[in-house]
Number of protein chains: 2
Amino acid sequence: MESVFPGGVFPAGCPSRVLLDHVTSKWGVLVLVSLTDGPQRWSDLRRRAEGVSEKMLAQTLRTLEADGLVHRDQKPVMPPRVDYSLTPLGEELAEVMVPLLRWVGRHADDIIGAPAC
Amino acid sequence: MESVFPGGVFPAGCPSRVLLDHVTSKWGVLVLVSLTDGPQRWSDLRRRAEGVSEKMLAQTLRTLEADGLVHRDQKPVMPPRVDYSLTPLGEELAEVMVPLLRWVGRHADDIIGAPAC
DNA sequence: CGGTATCCTACCTGATACTG
DNA sequence: CAGTATCAGGTAGGATACCG
């Protein structure tokens with residue numbers, strides 16, 4: 001592979017580092033990829049991103065929403081109904097993220113040494 | 001995009017989650033991508049993954065080496081010389097990681113709101 | 001040069017309770 | 001249902017000093 005990031009990857013404190021931290025965060029990855037299956041509700045995401053706490057799901061969604069990657073659609077009904085979905089920008093990101101997740105899924109058992117999953 | 005991970009992304013506690021945490025860790029990403037430019041020494045990596053502490057660089061390299069993604073080549077000379085490089089598996093991973101980094105680099109300024117970088 | 005060892009802090013996590 | 005608030009506890013990560 002030819003040189004991709006000559007002279008350092010990203011400067012520290014650079015916007016790229018901040019965005020990278022957002023999208024590669026433990027729950028950011030799982031939420032983004034989960035949303036590739038289409039709009040989902042809070043409770044869907046809690047179930048599909050298994051293990052996420054309410055606190056971290058809220059925090060993650062707020063960050064991704066502020067970054068313009070996730071859209072929050074709240075219906076003014078009772079009981080409340082909120083749908084989360086990828087924005088066009090988020091879809092674009094997901095397209096480069098999914099291959100990474102697929103690769104991890106394919107090789108994880110070999111690399112880590114599957115403790116029954 | 002069609003359904004990619006129906007019924008949840010990865011089960012919690014699954015090897016995929018562990019490997020995902022390794023390769024999407026703050027410094028894991030930077031080290032892996034930095035090594036796409038070829039073998040590099042400890043001091044190179046410290047400089048190119050700007051901001052990494054010695055502790056975290058050591059920890060990150062040990063994890064990636066244990067996962068078979070990074071190769072450590074120590075020459076028995078004085079002063080010591082150690083070269084780190086990607087294994088074939090690591091190269092494969094880098095190929096799906098680099099598009100993500102490129103995307104982040106392209107959009108970071110728009111999304112985060114560049115504070116002079 | 002290429003690391004350990006030590007300490008310390010910040011954030012993540014988990015549990016519980018409460019609200020529109 | 002879809003969150004927010006609070007607090008205790010653990011762990012990832014950072015700063016510093018030292019070593020072969």
Side-chain angles (χ1 to χ4, degrees), chain A residues 9-14 17-32 34-35 38-66 70-85 112, chain B residues 9-14 17-32 34-35 38-67 70-85:
Chain A
V9 181
F10 289 138
C14 168
R17 285 281 185 98
V18 176
L19 181 57
L20 187 62
D21 283 350
H22 291 180
V23 305
T24 62
S25 71
K26 185 180 178 67
W27 303 113
V29 177
L30 296 176
V31 165
L32 284 168
S34 181
L35 286 174
Q40 283 160 62
R41 306 175 64 176
W42 167 275
S43 45
D44 293 331
L45 290 171
R46 276 222 69 188
R47 192 164 22 80
R48 288 169 53 87
E50 198 189 335
V52 70
S53 66
E54 297 188 338
K55 181 180 171 179
M56 290 315 297
L57 180 55
Q59 192 176 118
T60 301
L61 285 171
R62 265 186 271 118
T63 300
L64 296 179
E65 194 192 354
V70 164
H71 175 68
R72 182 175 189 275
D73 184 23
Q74 175 165 16
K75 322 277 196 207
V77 298
M78 196 59 188
R81 161 158 194 144
V82 182
D83 285 292
Y84 293 93
S85 55
I112 305 294
Chain B
V9 180
F10 288 138
C14 168
R17 285 281 186 99
V18 177
L19 180 58
L20 186 63
D21 283 349
H22 292 180
V23 305
T24 62
S25 71
K26 185 180 177 72
W27 303 112
V29 177
L30 263 28
V31 165
L32 284 168
S34 180
L35 286 174
Q40 283 159 63
R41 305 175 64 175
W42 168 276
S43 46
D44 293 331
L45 290 170
R46 276 221 70 190
R47 194 165 20 79
R48 289 169 52 87
E50 197 189 334
V52 70
S53 67
E54 297 187 336
K55 177 182 173 178
M56 290 315 298
L57 181 55
Q59 193 175 117
T60 300
L61 285 170
R62 266 186 271 117
T63 300
L64 296 179
E65 194 192 356
D67 289 346
V70 164
H71 175 69
R72 182 175 189 276
D73 183 23
Q74 174 163 18
K75 321 276 198 215
V77 298
M78 198 56 189
R81 158 155 195 147
V82 182
D83 285 293
Y84 293 93
S85 55

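Throughout, protein chains are lettered first and strands after them, A, B, ... in sequence-line order, and every chain is numbered starting at 1.
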Would you name the heavy atoms of B:Leu30 and B:Ala49 that are closest together and state the gap between them?
-> CB-CB, 4.2 Å
State whether A:Arg81 places a side-chain N or O below 4.0 Å from either non-bridging phosphate oxygen (OP1 or OP2) of D:dG3.
-> no
OG on B:Ser53 to CZ on B:Arg46, rounded to 0.5 Å = 7.0 Å
Nearest listed nucleotide, side chain of A:Arg62, among D:dG13, D:dC1, D:dT4 = D:dT4
Rounded distance (Å) that lies between atom P of D:dT11 and atom CE of A:Met56 = 17 Å
Output yes when a side-chain donor or acceptor of A:Arg48 lies under 3.5 Å from a complementary backbone atom of B:Val9, and no otherwise.
-> no
Rounded distance [0.5 Å steps], NE2 in B:His22 versus CG in B:Leu64 | 8.5 Å
Residue pair B:Lys75, B:Asp83: steps toward the side chain to side chain contact (heavy atoms under 4.5 Å, CB included) verdict | CA-CA 8 Å; B:Lys75 321 276 198 215; B:Asp83 285 293; 4.0 Å; yes
Spacing between A:Arg46 atom CZ and D:dG3 atom P, to the nearest angstrom | 12 Å
Going from CH2 on B:Trp42 to CZ on B:Arg72, what distance comes out if it is rounded to the nearest 0.5 angstrom?
-> 9.0 Å
With a 4.0 Å cut-off on heavy atoms, is A:Gln74 in touch with a base, just the backbone sugar-phosphate, or nothing at all?
-> nothing
DNA chain C: 5'-most and 3'-most nucleotides touching chain B, 4.0 angstrom heavy-atom criterion = C:dC1 to C:dC7
How many Å lie between NZ on A:Lys26 and P on D:dA12, as a whole number?
-> 10 Å
side-chain N/O B:Ser25 vs D:dA12 OP1/OP2, d < 4.0 Å | no
Using the closest heavy atom to pick a nucleotide of DNA chain D for each, name whichever of B:Trp27 or A:Ala58 lands nearer the 5' end.
-> A:Ala58
A:Tyr84: partners by ring pair (Phe, Tyr, Trp, His ring centres under 6.0 Å), with sequence neighbours left out = none
Atom CG of B:Leu57 and atom P of D:dG14 are separated, to the nearest Å, by 11 Å
Write down the protein N/O and nucleotide N/O pairs, taken from nucleotides 15-20 of chain D, whose separation is under 3.5 Å; answer none if there are no such pairs.
| from | atom 1 | to | atom 2 | distance (Å) |
| --- | --- | --- | --- | --- |
| D:dA17 | N6 | B:Glu54 | OE1 | 3.1 |

So which heavy atom on A:Lys26 is nearest to which on B:Asp21, and how close?
-> NZ-OD2, 3.3 Å
Test: A:Arg41 and A:Asp44 ion pair at under 4.0 Å = no
